[in-house]
2 protein chains.
Amino acid sequence: MYCPSANGQELKWTEIENGIWKASVGEPEDISLLSAADIQPKVTALNRLPAADFPFPKDRIKTKIMDGKTYLQFPLSREEQIYGLGLNFKTVHQRGRIMQLHVDHYGGRDDGRTHAPVPFYVSSKGYGVLIDAARYITVYAGTGIRVDADDKPVLRDRNTDPQWQAQPYSDAVEILVPAKGTDVYVYGGSKPMEAVQRYNLYNGGGYIPPKWGLGFTQRVPTLYSQDDIAKEAQEFEDHDFPLDFIGVEPGWHSMAYPCTFEWDKTRFPDPKKFNNELLADGIRTNLWLNPYVSPVGSLYPKLKGLSASHTVWNGIVPDLMLPETRDIFKEHFVQNHLNIGVSGYKIDEVDGFDFWVWPDVATFPSGYSGEQMRQVYGLLIQDMTSKWFKEKNQRTYGLVRASNAGASALPYVIYNDYYSHKDFITALVNSSFIGVLWTPEVRASKTAEEWLRRMQSVCFSPMAMLNAWADGTKPWSFPEVEEAVRDVANLRMQLLPYIYSTFSQYHFEGLPPFRAMNLVDGFSYDPKVAEGELDSTDNPYKVAIKSEIKDQYMMGDNILVAPMFEGEDERKVILPKGKWFDFYNGEFVGENELITVTPGLEKIPLFVRDGGIVPMRPIQRQAPKMGEKVDLIIRHYGTKEGEYTLYDDDGLSFDFEKGQFSNVKIGVKKDRKGKLVGTIGSPEKGKPYGYNKKVTWEFKTK
Amino acid sequence: MYCPSANGQELKWTEIENGIWKASVGEPEDISLLSAADIQPKVTALNRLPAADFPFPKDRIKTKIMDGKTYLQFPLSREEQIYGLGLNFKTVHQRGRIMQLHVDHYGGRDDGRTHAPVPFYVSSKGYGVLIDAARYITVYAGTGIRVDADDKPVLRDRNTDPQWQAQPYSDAVEILVPAKGTDVYVYGGSKPMEAVQRYNLYNGGGYIPPKWGLGFTQRVPTLYSQDDIAKEAQEFEDHDFPLDFIGVEPGWHSMAYPCTFEWDKTRFPDPKKFNNELLADGIRTNLWLNPYVSPVGSLYPKLKGLSASHTVWNGIVPDLMLPETRDIFKEHFVQNHLNIGVSGYKIDEVDGFDFWVWPDVATFPSGYSGEQMRQVYGLLIQDMTSKWFKEKNQRTYGLVRASNAGASALPYVIYNDYYSHKDFITALVNSSFIGVLWTPEVRASKTAEEWLRRMQSVCFSPMAMLNAWADGTKPWSFPEVEEAVRDVANLRMQLLPYIYSTFSQYHFEGLPPFRAMNLVDGFSYDPKVAEGELDSTDNPYKVAIKSEIKDQYMMGDNILVAPMFEGEDERKVILPKGKWFDFYNGEFVGENELITVTPGLEKIPLFVRDGGIVPMRPIQRQAPKMGEKVDLIIRHYGTKEGEYTLYDDDGLSFDFEKGQFSNVKIGVKKDRKGKLVGTIGSPEKGKPYGYNKKVTWEFKTK
């Protein structure tokens, strides 16, 4: 029953870092998202950000504990927009939406069930709010209307008033946390990106992948043997196609679904040799797994008492909240995988869906509930595996199907089985609000056009991956577009200096590498709302239709990416303020306007801001190895002077965390005659820097 | 945290009625579904059923309280099927499914969010289980697999074993109730129908609609005035089309969405005259409403302090758990509607969806949570309104968008805005497991064929309704099928003696009027399971496809209805054991087999069992009024002797509950020459009986 006396107390907010406030409501649980991710705030970087004010009057935040749950209310003002609230695939603007945040396979609706249902939202006013609870949190992002609302909607008669709305105006975000308490964080800022930076830096800053992680990766069919894979690698060489790492699918286990985590002796008679021969060709291996332990494997007897009440495909579910469980995994995995050359994992099936993962009625020996474990399992396994590599001072870069708040510093990219190309791009856009990475992986395609368009997109994402586990496709599967596919893969390989520097911004400044337009300065597009049309079945309430920009994004500071989709010859692109230039030919295309482009099949539309500098390198099939030096090609676009910081380190170890990196200034200035001239600084002596002195300058705009 | 010591105790089961057991787990809440429905068990009728054993070993039921929630586990055996678990629209067999039962508008998926998410399941082994909690209950209907399962699935390697399954065999139904306790009921029986009978009888037995409720009803466009409606009634007469009641849509309110519940003086200057003039033509009125109270209405000041924290369309949400609230409603409604001749209500918007009803963070002055109120609101308003009519000793029959467990005796039929004709039939099938009624209402159609097919279906449902609120359609809107539409409406009117007797079975025996084939004796079809095909996107786990019978049903004991759908010239029908005969021509069609029928556009396929007796009456535009007597036409099908009990009462009052009804035996026997001869008994003297002595016998099978 509701007990008003216990409620309504104002929260005690503490500024725990520069511009980040924390408060506890009720009794927060001893398991949370940030604790599962084991975040280590990047305090120095946070202190470099400007100071910020608490973003709204504190008395506008209302809380209560009732019915064993925590009720939260945060204010919204008119015109304010809300972003984030999980890895959504169809929408970017979240105001007016309701989410029940629940780790799950994405099921085709932006309803909160997704691979990273991060309970963090970013406001267009420049702040963020995180609810750090490992629970199925329900968020009413400006839908509920309280009798005592501060800013009430207008009363209308649906009988006669055409302005009547199914969803009247709401002045609050309301949140239900099904727990007796929670910690809440508020991230301040002068603009949305600053709140995102604080969020990422508080989580430890973004992960810088090893250089090889940013090259091209092929995932081979399930039952490929080590010989099949060696042949596959050779084919990539024969086709002169980039390849930095290979994904080894379930067949490497002696049993999969559930898994043994032991090499199948028939298909992989000598796994050490297998790994080392690939490594000798500069190719890394990434092993697929799900964490459900097969009764026929050696880990089973050790883990049986440390697992959940329920099985998944007859495998036990190890309780990763128990240190003993993690120790057992570590011993086996380090010895049998890492120590023989495995460079990463693809962690499948930790998201859902309900029909095969443990039910909410499952219990775990650590005492946490099925619900709590569902929300953190992806984080726990990312954290556990990443630490094994960290202890070896070796960066990894892998794939995971479930994540949550606090993941910025974890070395994993999210993927799934869904396959809408357009929605994949929207997920990439949304990943930038919530501190996760997402790959719009390529699998099969029905046509060469679709194949090429998907390949173009994935080359402008955190992981350029072809996933052929089920269908055995190769990049050259459609011969009619083989050259165009190779071209875009080569372009990604050429852009590695730029992409790597972009990831360094993620780490050192909290700036996401792939960015929603709504996080970009000078982007001023407001969602258009069109009136709905009455239909007794499809739209009986004349719900209005909201348009939003969800099919273009920024890769780093300077490159705007506007993917093309199958069946489309042209598309619209919204350019932020300032002049913009075609990436390929340097020509001016527009400023602060909506343009239509017809790029042809071979090209993905790319645009560079005025004065934008893009460091590149010659075409090479693989990312640079540790100590390797490559030539630089530095492009400049537009007519303005520009600056750029080229980041580099050894590309593989964590020594950059101890200062072993270079930040080299690139500048383009006008000389006395008004001609653009480029300059490049030198790296600090003794710091790793993988570039030759030779620089080719390309002033792309004539 | 999990506290094993408090758990695992065996429940104390009490046989509260013949073959019905109840147990309490933990501390049940003081709000529940059955208490909200205010059920009054029909003890005498229950005692007429054969005794039953508790359906499984009691120690196979496991319970615990953990994390503030109740965990329940019930056994399943191999081959056992599960039905029920809410008003589902796409599936009948629920084993292997997961539901979070949540009152809501149906959203296109059988995931528990529906208009009547009844936490009751029926087993093919002949028992039922009800969880009587007003909470969002999650049911794992044979999906979770416990480490300590009694009957374990086979371990398989997905790498190599083609028999590997994404969903291995599970031997239990597991249920999570997010409350510290709940009451649980087990209904025994020798077959599934017997468990359903017990469920319905415990809830008070099914409602017998007034006779007019089983005639045809037209809902007129929103802004129709009383004059428009009078004209509409005249048009029905001109077109010689049946009409027993008219639905008056939002325009009767002086403001709607939110509502005033007061007549609009412009459109309805004299509501009493309006109602009485229609009544004089034998036409009843049904008023649309949603319960959200407009600030400009007279009820607002009275209800303001008795309403929820949140508004719906700026209307307050009355707390129907408070007696004062109910009293205020009663006074206004009885005086302004019932006392001037209104015969029923259509109660809209009490289901959802989340974007406009109160959020789960809403609080109510009675102290119950938004979640609890969401689960019972439909029941509360059905119970409240039905009692007003009961006090006047006048039966009503209306429409409602939300219901739940315990609704059998409530005078409401569920409807919604969804509009798949096939799924509407599946909902009708599923309604029979869970003690609710459903109408596959007709709204607009794209073609004459669709129109006719939908009209045919709705005439074989609990409410024969055309809902023209948005589009102003009439039964004759497609002139090319006007005659066929009239024919099927007339056929329904002719079948009223049979349909009314069928509803009496619902009331006195608990037999649902419209019945899933799986509840029918001699129906032996098992769901076919076909192997899934691997597809990396659409079916990466090769999930098997289950076929089930969800597009045919029984109306009462004798008539099998197999609706046709637009675009289909033929369809398959599964006939239970025994011989079956075509309703129209009496010809033998098959026995215990799958047949294909090609009925033509004009006819909905109907089949009668061998020896089946169907009492009918001549074509009349309206159902009989109180005291009116009609001729009987008694049909017999097949070659077997048959018996039938013709029920009748005054058709309007509740006097039948005091014994004022007739049960007249109809028999068809073979004479000495083997010729079939019909006999009909006489009603008990002084009991209401609306039939003339004149009987036309039709032996349809030659």
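Here is the naming used below: chain letters follow the sequence lines, and residue numbers restart at 1 for every chain.
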Any cation-pi pair here, A/R454 with A/Y419, using under 6.0 Å and within 45°? yes
Residue selection (most heavy-atom pairs with chain B, distance under 4.5 Å) from A/A256, A/P250, A/P295, A/C259: A/A256
Does any heavy atom of chain A fall under 4.5 Å from the side chain of B/V154, the backbone, both, or neither of them? backbone
Looking only at heavy atoms and a cut-off of under 4.5 Å, which of B/R109, B/Q372, B/H253, B/R146 has the most pairs with chain A? B/R109
Could you tell me whether A/D354 and B/R97 have a side-chain N and a carboxylate O separated by less than 4.0 Å? no
Under 4.5 Å heavy-atom distance to chain B, tell me which part of A/I175 shows up: side chain, backbone, both or neither. backbone
Identify the residue among A/Y257, A/Y224, A/W469, A/W252 that makes a ring-ring contact (aromatic ring centres under 6.0 Å, His included) with A/W288. A/Y257
Mind listing the closest non-hydrogen atom pair of A/Y140 and B/D360 along with its distance? OH-N, 2.8 Å
Between atom OH of B/Y71 and atom NZ of B/K64, what is the distance when rounded to the nearest 0.5 Å? 7.0 Å
Closest-packed option against chain A by number of heavy-atom pairs under 4.5 Å, given B/P258, B/A308, B/P359, B/P168: B/P359
Given heavy-atom pairs under 4.5 angstrom as the criterion, report whether the side chain, backbone, both or neither of B/R443 touches chain A. side chain
What option among A/V361, A/T143, A/D471 has the most heavy-atom pairs under 4.5 Å with chain B? A/V361
If one checks every heavy atom of B/I31 against chain A at 4.5 Å, the contacting part turns out to be neither
Parallel, tilted or perpendicular: which describes the rings of A/F424 and A/Y418, with under 30° parallel and over 60° perpendicular? tilted
Using non-hydrogen atoms and a 4.5 Å limit, figure out which bit of B/I98 sits close to chain A: side chain, backbone, both or neither. both
If you count the non-hydrogen atoms of other residues, nucleotides and ligands that lie under 6.0 Å from NZ in B/K152, is the total more than 12? yes
Identify which part of B/E371 has an atom lying under 4.5 Å from any heavy atom of chain A, answering side chain, backbone, both or neither. side chain
Find out whether the Lys NZ or Arg CZ of B/R156 is both under 6.0 angstrom from the six-membered ring centre of B/W164 and within 45° of the ring's axis. no
Out of A/G144, A/S307, A/P153, return the one with the most heavy atom pairs under 4.5 angstrom to chain B. A/P153
For chain B, find which of A/G251, A/G68, A/A444 contributes the most heavy-atom pairs closer than 4.5 angstrom. A/G251
Please determine, among B/T311, B/L176, B/L223, B/T160, the option with the most heavy-atom pairs under 4.5 Å with chain A. B/T311
Can a salt bridge be assigned to the pair A/K62 and A/D148 using a cut-off of 4.0 Å between side-chain N and carboxylate O? no
Can you tell which part of B/K69 gets under 4.5 Å to a heavy atom of chain A, answering side chain, backbone, both or neither? side chain
Residue that, paired with B/W358, satisfies ring-ring contact (aromatic ring centres under 6.0 Å, His included) out of B/F364, B/W313, B/F353: B/F364
Check whether B/S254 gets within reach of chain A through its side chain, its backbone, both or neither, counting any heavy atom under 4.5 Å. backbone
Residues A/R135 and A/E29 bridged, charged N to O under 4.0 Å: yes
Do you know which of A/V357, A/T260, A/T138, A/L155 has the most heavy-atom pairs under 4.5 Å to chain B? A/L155
Interchain contact, B/T222 with chain A, by part (heavy-atom threshold 4.5 Å): side chain
